Trainee: 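A single structure is presented below for examination.
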Amino acid sequence: MILALLLSSSACEKGSTLPKDQNSESNGNPSDTRLTCIWRSNSTVDSTFTDYISEVKQVGDSMFVIRAKGFKKVFTGYLGACNFPKEAKKNGLSLKVSGYLVTYPNILLEDIIANPFEITSYKIIE
């Protein structure tokens, strides 16, 4: 649960590239060089999402996730971005997002509310 909260706590500037100093729970560097957030040791890209249109959901007072229905690998039904854009933190907002679904050893043994995700680009749909 702590991982999921930390995954959504960082913000980024609107645009196609994101900062490399994002924070989340970490035991080391990811093993996949495409990842820019700080992830657990041996984290890798499981899948790439391109121009996925979905809805932002607020969980609790300050956590925001992206609904991800119909994806077998997204076992929680939600994507928890380590670099969630500040301007997209609005319950019910439509968002077009591209990015990486992140996995690491034993992820299925953890009680998480959103699958780890790293945004590579996004657009708010009005």
Side-chain angles (χ1 to χ4, degrees):
M1 185 176 217
I2 292 172
L3 173 64
L5 290 172
L6 292 173
L7 288 173
S8 69
S9 67
S10 299
C12 67
E13 295 297 318
K14 194 171 189 175
S16 62
T17 58
L18 302 171
K20 291 189 175 196
D21 62 346
Q22 303 299 322
N23 292 316
S24 69
E25 185 178 305
S26 173
N27 295 333
N29 294 323
S31 59
D32 194 314
T33 58
R34 294 174 287 181
L35 299 173
T36 59
C37 291
I38 299 171
W39 295 102
R40 292 176 181 230
S41 293
N42 300 317
S43 293
T44 58
V45 172
D46 181 271
S47 304
T48 301
F49 286 56
T50 304
D51 295 334
Y52 177 65
I53 298 174
S54 190
E55 179 182 19
V56 174
K57 287 292 185 188
Q58 183 171 356
V59 180
D61 292 333
S62 61
M63 183 177 177
F64 292 85
V65 294
I66 301 166
R67 185 179 296 233
K69 296 270 181 178
F71 295 100
K72 199 172 197 178
K73 293 183 178 186
V74 183
F75 57 90
T76 64
Y78 296 96
L79 302 171
C82 62
N83 52 355
F84 207 99
K86 184 176 182 179
E87 58 272 15
K89 290 183 176 182
K90 183 177 179 187
N91 192 45
L93 183 75
S94 290
L95 190 67
K96 181 191 290 187
V97 66
S98 295
Y100 302 124
L101 180 64
V102 179
T103 191
Y104 49 84
N106 298 319
I107 190 172
L108 294 174
L109 300 177
E110 294 187 13
D111 183 20
I112 57 176
I113 61 171
N115 285 74
F117 188 70
E118 187 166 317
I119 296 172
T120 56
S121 68
Y122 68 94
K123 180 180 179 184
I124 295 171
I125 301 173
E126 300 189 35

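Keep in mind the model is a prediction, meaning the values are calculated, not measured.
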Trainee: Do you know the tightest heavy-atom contact between V65 and A114?
Mentor: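 Smallest heavy-atom distance, with atoms named: CG1-CB, 3.8 Å.
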Trainee: About how many Å separate CD of Q58 and NZ of K89, when rounded to the nearest 0.5 Å?
Mentor: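 Going from the NZ atom of K89 to the CD atom of Q58 covers 10.0 Å.
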Trainee: When you compare the side chain of E118 with that of N83, does any pair of heavy atoms fall below 4.5 Å?
Mentor: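 Heavy-atom side-chain distance check passes, below 4.5 Å.
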Trainee: So, for T50 and S98, which heavy atoms are closest and what is the spacing to 0.1 Å?
Mentor: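 Smallest heavy-atom distance, with atoms named: CA-OG, 3.5 Å.
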Trainee: Given side chains that start at C-beta, do those of T76 and I113 come closer than 4.5 Å, heavy atoms only?
Mentor: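 Side chain of T76 against side chain of I113, heavy atoms only: no contact under 4.5 Å found.
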Trainee: Say you draw a straight line from CG of L35 to OG1 of T120; how long is it, rounded to the nearest 0.5 Å?
Mentor: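 The CG atom of L35 sits 11.0 Å away from the OG1 atom of T120.
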Trainee: Within the structure provided, determine whether L108 and F75 are in side-chain contact (heavy-atom separation under 4.5 Å).
Mentor: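 L108 vs F75: side chains touch.
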Trainee: Looking at every non-hydrogen atom in both residues, tell me the closest pair between A68 and S54 and how far apart they are.
Mentor: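 Looks like N-OG, 4.5 Å.
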Trainee: Measure centre to centre between the rings of Y52 and F71, then say whether the value is under 6.0 Å.
Mentor: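 Yes: the rings meet the under 6.0 Å criterion.
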Trainee: Going from CH2 on W39 to CG on D32, what distance comes out if it is rounded to the nearest 0.5 angstrom?
Mentor: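 Output value for this atom pair is 11.5 Å.
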Trainee: May I ask you to test the I107-V102 pair for a side-chain heavy-atom distance under 4.5 Å?
Mentor: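 Not in contact.
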Trainee: For the residue pair E87 and I124, what are the closest heavy atoms and their distance?
Mentor: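 Looks like O-CD1, 3.6 Å.
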Trainee: Roughly how far apart are E55 CD and N91 CG, rounded to 0.5 Å?
Mentor: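 Taking CD in E55 and CG in N91, the distance rounds to 7.0 Å.
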Trainee: Could you check if a side-chain atom of I125 sits within less than 4.5 angstrom of a side-chain atom of L95, using non-hydrogen atoms only?
Mentor: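 No; the side chains remain at least 4.5 Å from each other.
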Trainee: Nearest 0.5 Å, please: how far is CG in D51 from NZ in K96?
Mentor: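 Here the interatomic distance stands at 5.0 Å.
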Trainee: Angle between ring planes, F64 versus F84, binned at 30° and 60°: parallel, tilted or perpendicular?
Mentor: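 If you compare the ring of F64 with that of F84, the planes turn out tilted.
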Trainee: How long is the gap from CG on L109 to CG on D111, to the nearest 0.5 Å?
Mentor: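 So the gap between those two atoms works out to 11.5 Å.
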Trainee: Which heavy atom of R67 sits nearest to which heavy atom of Y78, and what is that distance?
Mentor: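 Taking R67 first and Y78 second, the nearest heavy atoms are CA-CD2, 3.7 Å.
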Trainee: Please give me the minimum heavy-atom distance between G77 and N115, naming the atom from each residue.
Mentor: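 Scanning both residues completely, I find the closest heavy atoms to be N-OD1, 4.5 Å.
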Trainee: Are V97 and F117 close enough that some pair of their side-chain heavy atoms sits under 4.5 Å apart?
Mentor: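 Contact flag for V97/F117 side chains = yes.
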Trainee: Is there a side-chain contact between I66 and K57, using heavy atoms and a 4.5 Å cut-off?
Mentor: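 No, every pair of side-chain atoms sits at 4.5 Å or beyond.
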